[in-house]
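Quick note on labels: first sequence line is chain A, next is B, and so on, each numbered from 1. Note that this is a predicted model, so its numbers are computed, not measured.
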Amino acid sequence: MSAVPIDSVLPELARLLGDAGRAVLVAQPGAGKTTRVPLALLDSPWLDGKKIVMLEPRRLAARSAARYMAAGLGEEVGRTVGYRMKQDTRVGPATRIEVITEGVLTRMLQSDPALEQVGLIIFDEFHERSLHADLGLALCLQACELFRDDLRLLVMSATLDAAAVADILGGAPVVESPGRVYPVETHYLPRKPEGRMEDMAARAVLRALAEQAGDVLVFLPGMKEIRRVASLLAGQATVPDVQVLQLHGSMPQDAQDRAIQASVPGTRKVVLATSIAETSLTIEGTKVVIDSGWMRVPRFSPQTGMSRLDTVRVSAASADQRRGRAGRLGPGVCYRLWTQQEQAYLEPHGTPEIEEADLAPLALELAVWGTADPSELRWLDEPPAGAYRQARELLELFGALDGQGAITPHGARMAEIGLHPRLAQMSLRSVPLGLAATACDLAALLNERDLFRQSFTGSSAADLRLRLEALGRADAGAHSVDAAALKRVRLEAENGRRALGATGKRTDSEACGLLLALAFPDRIAQGRGDGRFLLSNGRGAVFSESQTLSGAAYLVAAELDDAGTDSRIMLAAPVDAAQLEAALPGLIEEEALVEWDSTAQTVRARHRRRLGAIVLSDKPQQRPDPDRLAAALLGAVESEGTGMLPWTNTARKLQQRVVFMHRFDSGWPDWSDEALVATLDEWLKPHLYGMRSRNDVQKLNVASVLEAALSWERRRRLDDQAPTHIVVPSGTRVPVDYADPAAPALAVRLQELFGMTETPKIAGGRVPITMHLLSPAQRPVQVTRDLSSFWKDAYFEVKKDLKGRYPKHYWPDDPLTAAPTHRAKPRV
DNA sequence: CTCTCCCT
């Protein structure tokens, strides 16, 4: 092996790891760290003959690193150097370096938390900050603390914020290595970019082809943009011998391979790629990179339990990584479709996956680890609380966690299966239904890349049953199926069947919907009849392209893009409601609802069967509970207020008199409107039995209902202390007005009061009545609470005035002895 | 008017 830049720092790295037990190695791509570091550390005395485990974020990278190192030792993979990943492991008894994919570490730790055979764990490409790497590091740090203070950790990264990692490693030393990348000349757009990204990209391609030699790699956010740029370029008379190729993850393997291969000598290629070409795939011969500056990222929403794709600006780190793809073979050129000013505002790093991902897998692993609260572990970024809570709720719904949040035996089995908890749930629960074989097929289908090529469109493109059927067909390699994907799905399905003891069983594609309901109980959808659906999680959903399934009464959506009001359904299968109920009775909630229907202004008693937000059936109850009917009607009065009752004058007056009494004696009940609403249960409820509607309530006699709430003794005292009328000297029974409970009033013509020396008092003599003295024509003349001083003073002023206006009336000089009258003059 | 990438 020829010398690489990393070699200069290896002795120091070995020494630091020996002393401190932890280290961070920052090295640019091309420094050779992945293949050089494990071999160089293998004979370190502190390793004590134990193994080195190195994590790679991708299977391809893990295999090729192992192969490269084995070749350097002149050995086969599986001797000193091996690799380990799901469905593919090459490790022998002599293996001392195991290159593993990130998820494997979690499984290793869960089965042997002390990792007895391992002396050093290396996290490669840690700057990618995958969920698995973050989790793996957190678990390792605790394993070190609890069981293995001699387990050494090395974190390797290209563009990392080394200080933060060094910090959670407990102040680990940082070693930096020079890189070996060729210079890449960077061109920014001169001013504020105008027009569509696709137009700019196409123009940049033409410019690059004219100005530069070699192949061109263009980074675009997604398939849509790639196709648009491709068609723009196709419309141009491009330079001869230039081939335009597309590259994204959902393309079949053979098409991806064609894009990656070096161009035929004498020709040039332009590869239009997603971020797949940033780290995962290397395109041979790239001399020029054109970067749109945008990427698509998934964002999980804990509110809906679904993900959405967002188009966002790349981080400065990503942009540098993309640019570096032009400098692998020699000096290169990079065109950035943004300005130098905008460059200053790019985020330094992308968002770590843990911040925006579905945390159900992580929550399950932590529960198996025995950790309920993630803050018990050390994280670079702690799992967000909302997503973590949603994840735990899902696991509890599945029976993976018990009431205390601890892992159940079922949850432990789910984790062992090594699938997303939803798919693990489907696999395990399918066994008693006799559907394990189909469940394994389905889990494999959903876990792997889509079996069907992108070109497979039409009215059944979103139907999962077709994929299940294709999986079982001998000649499935036909037109629309991606052969490489089919092979992987079949392998995974077969392994699943073996694990569940369902080998050789037939696939039942009609059970598809039912099985999906096990995994996605929150995504069962009820057709609304117009092609739109209501999901059991309460959201709307629709197929982006009209499908045969658009008319289904019920279906289960396995894949959705959570966009706006109606999520887009990508993959689904129909389900029969009766079958669903029979097989999964636990999903259905039965409700006896007694509710006020404010439109019809009546209480409705219904028997409803619900599946989340979906109403399966809704019928009137045969014999509703009278107590609940009365309570519901009472609730309506409570929310609408006492104004809903048919108040009469008599009732209001009775209310006012009691309010007046309560003011002076708190032993009396409070009958203010608010207090009446608050105590409806006591005084109104007994009268509501047998009633259901507003109309029924209108038949109530509020006065007698209120009166019934008073004891006989209180009624007697009310008449005595808050009389309805007072008889004045003229003999007229004048009603007392209690509208103002602080000042009950009597409005009466002055002449009827001749001879009344004192203001009448009520409430057992405590409250003088406010006298509204009126003219013969019932006009207000004077208000007083002290009649005797009125007669002495003010009367004489008033009399003069009244005499002028009502000369025919009787205005005596001595009102205290004069005869009262309700006519002009007293009868003689 | 259509979905980024990866893994147990």
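Checking the phosphate oxygens (OP1, OP2) of B:dT8, no side-chain nitrogen or oxygen of A:Arg84 falls inside 4.0 Å.
With no hydrogens or angles considered, a side-chain donor-acceptor pair links A:Glu365 and A:Gln110 at under 3.5 Å. Remark: the A:Ser318 side chain and the A:Glu278 side chain contain an N/O donor-acceptor pair separated by less than 3.5 Å. A side-chain donor from one of A:His410 and A:Gln425 sits under 3.5 Å from a side-chain acceptor of the other.
Between A:Leu500 and A:Ser427 the shortest heavy-atom distance is CD1-O, 3.5 Å.
Within the nucleic acid shown, A:His420 comes within 4.0 Å of at least one base atom, counting heavy atoms only. Within 4.0 Å (heavy atoms only), A:Thr101 reaches sugar-phosphate atoms of the nucleic acid but no base atom. Contacts of A:Met85 with the nucleic acid, taken as non-hydrogen atoms under 4.0 Å apart, involve only primed sugar atoms and P, OP1 or OP2. A:Arg58 comes within 4.0 angstrom of the backbone, heavy atoms only, and of no base. Across all strands, A:Pro298 comes closer than 4.0 Å to base atoms (heavy-atom distances). Residue contacts for A:Gly103: at a heavy-atom cut-off of 4.0 Å it reaches the sugar-phosphate backbone alone, with no base atom in range. A:Asn447 comes within 4.0 angstrom of a nucleotide base, judged by non-hydrogen atoms across all strands. Within 4.0 Å of A:Met223, counting heavy atoms only, lie sugar-phosphate atoms of the nucleic acid but no base atom. A:Leu105 comes within 4.0 angstrom of nothing in the nucleic acid, heavy atoms only. A:Arg227 comes within 4.0 angstrom of a nucleotide base, judged by non-hydrogen atoms across all strands. Note on A:Ile276: only backbone sugar-phosphate atoms sit closer than 4.0 angstrom, heavy atoms only; bases stay farther off.
Residue whose closest nucleotide on DNA chain B sits further toward the 5' end, between A:Pro361 and A:Glu225: A:Glu225.
A:Met570 has its CE atom 4 Å from the P atom of B:dC3, to the nearest Å. Summarising the geometry, the separation between CG on A:Asp450 and C1' on B:dC5 is reported as 15 Å, rounded to the nearest angstrom. Rounding to whole angstrom units, CZ of residue A:Arg107 and P of B:dC7 are separated by 16 Å. Residue A:Phe543 contributes atom CZ, which lies 15 Å from atom P of B:dT2 at whole-angstrom precision. As rounded to whole Å, 16 Å separates atom C1' of B:dC7 from atom CG of A:Asn495. Atom pair A:Leu55:CG and B:dC6:C1' shows a separation of 14 Å (rounding to whole Å applied). Taking atom CG of residue A:Leu491 and atom P of nucleotide B:dC7, one finds them 15 Å apart after rounding to whole Å. Taking atom CD1 of A:Ile100 as the reference point, atom P of B:dC6 lies 19 Å away to the nearest angstrom.
Checked by atom type and distance alone, the side chain of A:Gln246 never pairs as donor or acceptor with a backbone atom of A:Gln256 at under 3.5 Å. Using a distance-only test at 3.5 Å, with no hydrogens or angles considered, a donor-acceptor pair links the side chain of A:Glu225 to the main chain of A:Gly222.
Side-chain proximity of A:Thr274 to the nucleotides B:dT8, B:dC3, B:dC5 is greatest for B:dC5. Counting only heavy atoms from C-beta on, A:Arg568 has its side chain closest to B:dC3 among B:dC5, B:dC3, B:dT8.
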